[in-house]
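Counting convention: from 1, in listed order, for ligands and their atoms alike. Model, not experiment: these values are computed from the prediction. In what follows, residues are counted from 1 in the order of the sequence shown.
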Amino acid sequence: MKELEPPLIIVNFKTYLEATGRRALELARKCEKVASELGVSVAVAPQAVDIAAVASSVSIPVLAQHVDPYPPGAYTGSISIEAVKEAGAVGTLVNHSEKRLRIDEIDEVVKRARDAGLEVVVCANTPEVAASLSALRPRFIAIEPPELIGTGKAVSKTRPEVITDTIKLIRQVNPEVIVICGAGITSGEDVEAALNLGAQGILVASGVVKAKDQEGALRDLVNGLVRGARFRFRGV
Ligand code: G3P
């Protein structure tokens with residue numbers, strides 16, 4: 001299924017060699033396999049040049065890692081909303097800590113993507129920034145403390161208050177937005193902890209892409225997602 005629905009795991013391929021070109025396809029197929037075996041939503045975010053090949057080979061949602069806020073036209077080197085959509089992406093990350101935009105540019109992306117029927121996951125580095133960005137009415141916000149990215153120290157265990165504060169502040173501005181979190185997530189326990197804190201999904205990169213056994217690492221995360229989703233469903 002190509003829709004982006006919580007609870008979900010988004011695997012960001014970044015520009016890691018282990019997830020570039022042919023290896024992007026292989027990793028996307030592993031993600032598709034685990035998603036269908038365990039019946040959960042797993043989306044992948046390959047590099048822009050790999051979107052078309054990945055999207056035509058798997059039936060899970062494919063996201064761009066970034067788009068620029070410009071309309072089609074004279075914007076050499078930019079990544080357009082129209083191009084990623086045409087290539088088969090159902091959505092895009094935007095304002096990742098490694099590819100930030102100004103707030104007026106994020107606003108433009110959210111509006112133009114909405115018009116184009118593309119999902120947007122807006123990344124934020126702090127709870128306060130996340131709450132401000134939720135006023136732009138994206139469907140998803142991903143909170144990621146940059147200092148934990150790639151460290152293996154999970155936000156859900158090392159800085160749980162970042163998740164709870166983000167949800168609390170966002171809810172005061174926009175009760176609809178789906179809040180996910182990322183940074184340092186490497187195990188099912190990390191994912192389960194994130195859901196128990198109120199997150200509706202996670203964004204992960206190195207914990208899957210750089211793992212010796214990518215499929216096994218993702219399966220562990222997905223099992224954590226399933227356990228966490230059950231916990232939330234019981235309303236404990
Ligand atoms: O977009 C996901 C990300 O920035 C988290 O990276 O390597 O800590 O899972 P990582």
Inset, instruction - Please check if V62 and I79 belong to a single hydrophobic cluster, counting links between Ile, Leu, Val, Met, Phe, Trp and Tyr side chain heavy atoms closer than 4.5 Å. - result: yes
Inset, instruction - Following the transitive rule for hydrophobic clusters with a side-chain heavy-atom cut-off under 4.5 Å over Ile, Leu, Val, Met, Phe, Trp and Tyr, establish whether V173 and L169 coincide in one cluster. - result: no
Review item, side-chain donor-acceptor pairs of residues 44-56, under 3.5 Å, at least two apart:
unit_1	atom_1	unit_2	atom_2	d
Q47	NE2	T20	OG1	2.9
D50	OD2	G21	N	3.0
S56	OG	A52	O	3.1
S56	OG	A53	O	3.1

Legend entry - Contact residues of ligand 1, where a non-hydrogen atom lies under 4.0 Å away: N12, K14, H96, E144, I149, G150, A183, G184, L203, V204, A205, S206
Inset, instruction - Check the surroundings of atom CZ in R219: do more than 12 heavy atoms from other residues, nucleotides or ligands lie under 6.0 Å from it? - result: yes
Legend entry - Pairs touching residues 64-89 that satisfy salt bridge (charged side-chain N to carboxylate O under 4.0 Å, His left out), sequence neighbours left out: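 Listed once each, the pairs are E82-R112.
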Inset, instruction - May I ask you to list the residues sharing a hydrophobic cluster with Y70, side-chain cutoff 4.5 Å, ordered by chain and number? - result: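 In the cluster with Y70 are Y75.
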